[in-house]
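Just so you know, residue 1 is the first one in the sequence shown, and it goes up from there.
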Amino acid sequence: MADTKREIERKYESDDSGLPDLTGVAGVAAVVDKGVAHLDATYYDTPDERLAAASITLRRRTGGSDAGWHLKFPVAQGVRDEIQAPLADSLPRSFAGLVRSRVRDAELVPVVRLRSDRDVRELMDADGRLLAEVGVDAVQAERLSGDGGTVQWTEIEVELADGIDPAFLNKVEKRLKKAGVRPSSSASKLQRALEETAPKKKRGKKAPEAQEPVTAGDHVLVYVRAQRDAIVELDPAVRRDVYDSVHKMRVATRRMRSAFRTYGKVLDRAVTDPIGEELKWLAGELGVDRDQEVLTERLTAALGELPRTLMSGPVRTRLRTWSKARSGGSRRRLLGVLDGKRYLQLLETLDALVADPPLLEAAAGKPEKVIGKAVRKDFSKVSVLVEQGLDTERGHDRDLSLHEARKKAKRARYAAESAVPVLGDPAGGLVKSMKSLQNLLGDHQDSVMTREALQDLARQAQGAGEPSFTYGLLYGREERRAVEDEAELPGLWKEIKSGTSI
């Protein structure tokens with residue numbers, strides 16, 4: 001079973017390669033010599049170094065206290081999540097899954113071997129608590145692919161102990177700088193090894209810098225590319241069941257699909273519509289059980305607000321049984337989707353789309369004109385549906401109109417998000433307005449779905465000879481909640497219309 005830890009560290013270089021006296025660092029009561037550890041690590045990547053390009057590290061290391069397989073994902077500058085697995089000859093299956101969105105079907109091969117002699121010091125406070133570990137690493141790097149090459153250097157690495165305020169590293173850095181030690185120019189040993197052992201013809205070459213978006217097509221592609229990147233980057237988090245990762249990936253699929261529809265004059269829908277259908281499929285797979293979970297949470301919260309005297313029959317047990325029966329998904333199912341050919345083909349298709357976008361004539365137009373027109377068109381669709389809902393008698397038809405308005409409000413919100421770099425504050429204001437409208441209409445739709453669920457629960461209870469009083473009571477409360485939402489809508493909509501300047 002793989003373990004995960006948050007790694008917060010900083011790397012430094014010095015001309016004399018020595019470690020200054022750190023007893024003067026504020027809060028440090030003792031510097032404990034832990035001796036020298038001999039580390040031998042082989043780093044794996046695709047032949048074209050896709051993991052390195054994403055600042056992801058995959059290695060098999062012997063020596064030291066944490067020998068085994070290590071997989072590191074960037075979180076922020078100097079911060080990485082390190083996943084560890086026991087030492088084995090072959091790559092753990094869980095690790096293979098966590099890098100699949102980057103690697104796809106490419107082979108993982110040894111690219112660099114790093115052998116380090118690490119002279120370790122522990123910084124302790126007055127209570128004997130570990131504050132940080134400082135290592136002076138004498139590194140020998142050997143490239144295992146291409147033309148090969150070797151390099152060696154010495155660096156100082158300071159890793160924060162678990163539970164210690166990251167601000168402590170600033171105190172250590174202040175002392176190091178005073179002694180002439182400077183921050184490393186490389187973010188990691190692997191990055192430095194790859195750069196300094198690369199064939200001479202490749203050495204020093206940098207990836208081309210992204211050009212500032214100029215045309216409408218440029219701006220749309222920036223947004224689309226960001227959603228593609230989000231899907232790929234969130235994949236490992238979804239596999240690890242990181243909080244809210246499934247929701248975030250689902251939103252990315254929806255944003256991209258909405259962009260295809262909003263900017264149909266920019267990107268050829270003959271190409272994007274089939275991709276949109278695949279994104280809809282993925283969003284559906286990511287949403288398996290989620291809608292049911294939301295419904296169950298709403299009903300559970302409603303039951304929690306009721307006095308015990310109004311709880312008639314085994315309502316909570318009935319709710320649990322009903323919820324479990326309606327749950328159709330599982331972690332295993334989702335992982336199967338992420339490992340399946342259809343999903344991996346979708347990722348390949350998205351890569352091809354952003355690499356060679358199907359641009360139409362309007363893509364060359366002025367961003368303010370093309371994007372502004374598209375956003376206004378989406379807003380007008382919302383307007384029609386909201387007005388239609390307000391003019392419809394309360395009941396099933398109004399519920400349908402307001403549900404459609406909610407979906408269009410979400411699309412208009414995403415369109416406005418994409419337009420902020422071009423249209424500025426007016427687009428930002430529309431994002432906030434559409435979010436407010438979406439939340440209100442979303443609560444209304446949740447009430448509709450909850451009432452349908454309560455009817456189902458009441459039928460099941462009656463069939464089992466249980467009282468249905470509580471379900472009827474909750475139904476009435478949800479009905480009143482929907483009426484309150486509908487009563488709030490005209491005022492909110494008037495405010496939105498008067499404040500929209502797109």
- Item | Considering all heavy atoms, the nearest A412-V382 contact | CB-CG2, 3.9 Å
- Task: Among T57, L190, L108, V111, find the one that has a side-chain contact (heavy atoms from CB on, under 4.5 Å) with L51.
- Result: L108
- Query: Below 4.5 Å, heavy atoms only, C-beta onward: do R254 and Q227 meet side chain to side chain?
  - Reply: no
- Message: Keeping D81 on the side-chain end and F73 on the backbone end, is there a donor-acceptor pair under 3.5 Å?
- Response: no
- Run the salt-bridge test on E49 and R143 with the 4.0 Å N-O cut-off and return the result as yes or no. yes
- Taking the side chain as every heavy atom from C-beta outward, state whether K177 and Y12 have any pair of such atoms under 4.5 Å apart. no
- Message: Checking K408 now: which residues fulfil salt bridge (Lys or Arg N to Asp or Glu O under 4.0 Å) with it, not counting sequence neighbours?
- Response: none
- Task: Before accepting this row, confirm whether a basic side-chain N of the pair R298/D443 lies closer than 4.0 Å to the acidic partner's carboxylate O.
- Result: yes
- Output, in order, the C-alpha distance, side-chain angles, deciding distance and verdict of side-chain contact (heavy atoms from CB on, under 4.5 Å) for L91 and L58. CA-CA 10 Å; L91 178 70; L58 172 62; 3.8 Å; yes
- List the steps, then state whether side-chain contact (heavy atoms from CB on, under 4.5 Å) holds for L440 with W493. CA-CA 11 Å; L440 180 63; W493 182 240; over 6 Å; no
- Message: Between R192 and E13, does any side-chain N to carboxylate O distance fall below 4.0 Å?
- Response: yes
- Query: Any side-chain heavy-atom pair from F260 and L353 closer than 4.5 angstrom?
  - Reply: yes
- Task: Check step by step if side-chain contact (heavy atoms from CB on, under 4.5 Å) holds for F379 and L430.
- Result: CA-CA 9 Å; F379 179 70; L430 184 58; 3.8 Å; yes
- Between R413 (side chain) and K435 (backbone), is there a donor-acceptor pair under 3.5 Å? no
- Query: To the nearest 0.5 Å, how far apart are CH2 in W153 and OG in S116?
  - Reply: 7.5 Å
- Query: With the threshold set at 4.0 Å, does a side-chain nitrogen-carboxylate oxygen contact exist between R250 and D291?
  - Reply: yes
- Query: Quick one: CD on E404 to CG on L385, what's the gap to the nearest 0.5 Å?
  - Reply: 6.5 Å
- Task: Ignoring hydrogens and angles, state whether a donor on the side chain of Y43 or R59 is under 3.5 Å from an acceptor on the partner side chain.
- Result: yes
- Closest non-hydrogen atoms of P110 and T42, given as atom of the first, atom of the second and distance, are CB-CG2, 3.8 Å
- Say you draw a straight line from CG of L390 to CD of E387; how long is it, rounded to the nearest 0.5 Å? 6.0 Å
- Minimal non-hydrogen separation, A52 against D45, with atom names: N-OD2, 2.9 Å
- Is there a side-chain contact between V75 and R6 (heavy atoms, below 4.5 Å)? yes
- Might you confirm whether atom CG of D48 has over 12 heavy atoms from other residues, nucleotides or ligands at distances under 6.0 Å? yes
- With a cut-off of 6.0 Å (strictly less than), are more than 12 heavy atoms of other residues, nucleotides or ligands near CD of E484? yes
- Message: Minimum heavy-atom separation for A415 and V375, please, with both atom names.
- Response: O-CG2, 3.8 Å
- Task: Output the distance between atom NZ (K497) and atom OG (S383), rounded to the nearest 0.5 Å.
- Result: 6.0 Å
- Query: Is D137 reaching over with its side chain to a backbone N or O of V139, donor-acceptor style, under 3.5 angstrom?
  - Reply: no
- Please name the pair of heavy atoms, one in V109 and one in T46, separated by the smallest distance, quoted to 0.1 Å. CG2-C, 4.5 Å
- Message: Can you tell me if D105 has over 12 outside heavy atoms packed within less than 6.0 Å of its CG?
- Response: no
- With under 30° as parallel and over 60° as perpendicular, where do the rings of F95 and W69 fit, or are they tilted in between? perpendicular
- Item | Over all atoms of both residues, closest heavy-atom pair of R10 and P166 | NH2-O, 4.4 Å
- Message: Just so I know, are the side chains of V370 and V220 near enough to count as touching, which here means a heavy-atom distance under 4.5 Å?
- Response: no
- Query: Does the side-chain contact (heavy atoms from CB on, under 4.5 Å) test come out yes or no for L334 and V288, once each step is laid out?
  - Reply: CA-CA 9 Å; L334 180 54; V288 169; over 6 Å; no
Please output the side-chain donor-acceptor pairs of residues 230-241 that fall under 3.5 Å, not counting sequence neighbours, one pair per line with the distance.
unit_1 : atom_1 : unit_2 : atom_2 : d
D235   : OD1    : R239   : NE     : 2.6
D235   : OD2    : Y343   : OH     : 2.6
R239   : NE     : G97    : O      : 2.9
R239   : NH1    : D339   : OD1    : 2.8
R239   : NH2    : L338   : O      : 3.0
R239   : NH2    : D339   : OD1    : 3.2

- Query: When you measure from the side chain of R50 to the backbone N and O of V103, does any donor-acceptor pair fall under 3.5 Å?
  - Reply: yes
- Between S184 and S186, is there a donor-acceptor pair closer than 3.5 Å when you use the side chain of the first and the backbone of the second? yes
- Task: Could you tell me whether a side-chain N or O of S447 sits under 3.5 Å from a main-chain N or O of E478, the two making a donor and an acceptor?
- Result: yes
- Message: Contact between D66 and R61 at the side-chain level, heavy atoms closer than 4.5 Å - yes or no?
- Response: yes
- State whether K11 and E9 are salt-bridged, where the test is any N-O pair (Lys NZ or Arg NE/NH1/NH2 against Asp/Glu carboxylate O) under 4.0 Å. yes
- Message: Counting only heavy atoms not in K369 (residues, nucleotides, ligands), do more than 12 fall under 6.0 Å from its NZ?
- Response: no
- Can a salt bridge be assigned to the pair E7 and R80 using a cut-off of 4.0 Å between side-chain N and carboxylate O? yes
- Measuring from H219:NE2 to Y263:OH, what's the distance to the nearest 0.5 Å? 10.0 Å
- Query: Does T215 use its side chain to pair, donor to acceptor, with the backbone of A363 at less than 3.5 Å?
  - Reply: yes
- Query: If we only count heavy atoms from C-beta on, is the L267 to V224 side-chain gap below 4.5 Å?
  - Reply: yes
- Determine yes or no for a side-chain-to-main-chain donor-acceptor pair under 3.5 angstrom, with S380 supplying the side chain and K377 the backbone. yes
- Check whether the side chains of R326 and Q292 place a donor and an acceptor atom closer than 3.5 Å, and report yes or no. yes
- Task: Would you check if the side chain of R398 reaches a backbone N or O of G389 as a donor-acceptor pair within less than 3.5 Å?
- Result: yes
- Please round to the nearest 0.5 Å and tell me the distance separating atom CG of L441 and atom CE of M434. 9.0 Å
- Message: Does D356, at its CG atom, have more than 12 non-hydrogen atoms belonging to other residues, nucleotides or ligands within less than 6.0 Å?
- Response: no
- Query: Any side-chain heavy atom of L221 sitting closer than 4.5 Å to one from V266?
  - Reply: no
